[in-house]
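Accompanying notes for the structure given below.
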There are 2 protein chains.
Amino acid sequence: MALDKIDRKILTLLQKDATMPVAEIGRKVGLSTTPCWRRIQKMEEDGVIQRRVAVLDPAKVNVGVTVFVSVKTNEHNDTWMRKFSGVIDEFPEVVEFYRMSGDVDYLMRVVVPDIGAYDAFYKKLISKINLTDVSSAFAMGQIKYTTALPLDFAIVVDDDK
Amino acid sequence: MALDKIDRKILTLLQKDATMPVAEIGRKVGLSTTPCWRRIQKMEEDGVIQRRVAVLDPAKVNVGVTVFVSVKTNEHNDTWMRKFSGVIDEFPEVVEFYRMSGDVDYLMRVVVPDIGAYDAFYKKLISKINLTDVSSAFAMGQIKYTTALPLDFAIVVDDDK
DNA sequence: GCAAGATTAGCAATAAACTTGCGCAGATCA
DNA sequence: TGATCTGCGCAAGTTTATTGCTAATCTTGC
């Protein structure tokens with residue numbers, strides 16, 4: 001599962017553009033098609049590469065507004081957490097959901113067309129599960145968003161190349 | 001730029017798995033290869049589909065820890081914002097960055113291997129730009145994360161099909 | 001109501017990309 | 001030194017993407 005310099009180069013390219021032909025990737029990392037292809041295969045088998053997806057423009061599908069929703073609860077048990085997770089799973093508007101440390105218990109990122117749609121989401125949410133304390137923070141603009149993870153921390157065996 | 005039911009079906013599939021052959025997508029949405037391919041092309045030209053990317057496993061590339069960093073500033077002007085954006089752009093650890101309304105001015109999501117790496121990031125950040133107030137919230141776990149946007153709000157012309 | 005133009009579907013052929021089998025070269029180790 | 005292992009690359013064969021062309025359906029203006 002350790003990655004060398006070539007693997008990381010490949011991942012960097014694929015994180016930017018997964019449509020790039022293997023032959024071209026190979027050329028850019030100094031490898032012919034076959035070994036490059038085998039490396040990609042291995043990284044997919046190992047689960048380093050989870051999947052390849054299409055990324056849409058939020059504005060073009062009318063979900064230009066991002067809201068961060070902080071949730072506090074009194075229910076600090078596994079059963080409740082699972083129930084909450086299940087409820088959230090049903091909402092496609094919730095694109096990220098984290099269990100937090102500190103004064104907030106859960107944090108989620110919600111995408112909607114406008115404030116009105118957020119209110120509708122909010123009402124639907126609290127009708128499905130009882131939440132002690134919910135607070136919403138609206139994003140006025142998305143300055144940076146990337147699905148590409150940094151590879152600087154990846155485990156390495158051969159760092160010579 | 002309006003999307004009909006077939007377009008949304010295609011997008012739903014591509015948001016899950018962008019490696020699926022056009023022929024299979026066509027079959028699933030009830031279309032032959034060519035028209036299905038042309039629809040996909042059009043949505044790429046229109047920018048609805050921005051790009052296709054490989055999604056990696058954060059743990060496998062050693063960035064299993066997410067930190068949300070809230071920033072308050074006294075500098076409420078465009079010049080400073082641009083400078084801040086430029087600084088953030090240089091940090092691959094910052095995968096999301098928003099300008100917020102409310103008592104926090106900016107919010108970013110940072111991915112790192114551990115607390116130590118976050119501290120290193122933090123030091124590097126404040127050395128590059130002066131920030132009035134920074135507060136960090138650690139995620140104990142990622143319960144949901146998807147790059148797929150909801151298509152329920154997309155603009156529609158023909159809603160018959 | 002009808003004909004011209006526009007839009008969308010489909011087939012078939014071509015081009016491009018992926019995938020596999022095999023052999024070769026360098027590294028490792030007894 | 002020789003056996004083994006690992007990784008590379010060539011040359012097929014297979015799958016998939018892409019394009020040109022035709023047919024069918026829908027729109028529009030009269």
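The chains referred to below are lettered A, B, ... by the order of the sequence lines, with proteins before strands, and numbering in each begins at 1. None of these values were measured; they are calculated from a predicted model. Note: hydrogens, waters and symmetry copies are ignored here, and every other heavy atom, side chains too, is used.
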- [ ] Would you mind reading off the distance between B:I10 atom CD1 and C:dT8 atom C1', rounded to a whole angstrom?
- [x] 13 Å
Open item on the list: Does a side-chain N or O of B:R39 approach OP1 or OP2 of C:dA9 to a distance below 4.0 Å, or not?
Closed with: yes
- [ ] Grab the CD1-P distance between A:I40 and C:dC18 for me, whole Å please.
- [x] 8 Å
- [ ] Please check if the distance between the ring centroids of B:F68 and A:Y98 is under 6.0 Å.
- [x] yes
Task: End-to-end axis angle, where each axis spans five pairs of the helix from C:dG1-D:dC30 to C:dA30-D:dT1, to 10° - done: 30°
Open item on the list: Below 4.0 angstrom, which residues in residues 30-37 of chain A have at least one non-hydrogen atom near DNA chain D?
Closed with: A:L31, A:S32, A:T34, A:P35
Open item on the list: With a 4.0 Å cut-off on N to O distance, would you call B:D17 and A:R52 a salt bridge?
Closed with: no
Open item on the list: Counting the benzene-type ring for Trp, do B:F121 and B:F91 have ring centres under 6.0 Å apart?
Closed with: yes
Open item on the list: Using the side-chain heavy atoms of B:R38, tell me which of these nucleotides is nearest: D:dG9, C:dT19, C:dA9.
Closed with: C:dA9
Open item on the list: How many whole angstroms separate atom CE of B:M20 from atom C1' of C:dC18?
Closed with: 18 Å
Task: B:L14 CG - D:dA17 P separation (whole Å) - done: 10 Å
Open item on the list: Can you see whether A:S136 engages A:Y118 through a side-chain donor-acceptor pair at a distance of less than 3.5 angstrom?
Closed with: yes
- [ ] Examine distances only and state if a side-chain atom of B:K144 and a backbone atom of A:V94 form a donor-acceptor pair shorter than 3.5 Å.
- [x] yes
TODO: Answer yes when A:R8 and A:D4 have at least one side-chain N-carboxylate O distance shorter than 4.0 Å, and no when they do not.
DONE: no
Task: Salt-bridge present (B:K124, B:E93; N to O < 4.0 Å) - done: yes
Are any protein N/O atoms closer than 3.5 Å to N/O atoms in nucleotides 13-16 of chain C? If there are, list each pair with its distance.
none

Task: Integer-rounded Å distance: C:dA9 P and B:D7 CG - done: 9 Å
Task: same_hphob_cluster(B:V112, B:V71) at 4.5 Å side-chain heavy-atom cutoff - done: yes
- [ ] Give a yes or no on whether a salt bridge exists between A:D7 and A:R39, defined as a side-chain N under 4.0 angstrom from a carboxylate O.
- [x] yes
- [ ] Would you kindly give the CD1-to-C1' distance between B:I6 and C:dA9, to the nearest whole Å?
- [x] 10 Å
Task: For atom CZ of A:R52 and atom C1' of C:dA17, their distance in whole Å - done: 12 Å
Task: Salt bridge A:R51-A:E44, side-chain N to carboxylate O under 4.0 Å - done: no
Open item on the list: In whole Å, I'd like the distance from the CG atom of A:D17 to the P atom of C:dA17.
Closed with: 12 Å
Task: Test of ring centre spacing under 6.0 Å for B:Y106 and B:F84 - done: yes
- [ ] Look at the side chain of A:V22 and decide which nucleotide, out of D:dT18, C:dA9, C:dC18, has an atom nearest to it.
- [x] C:dC18
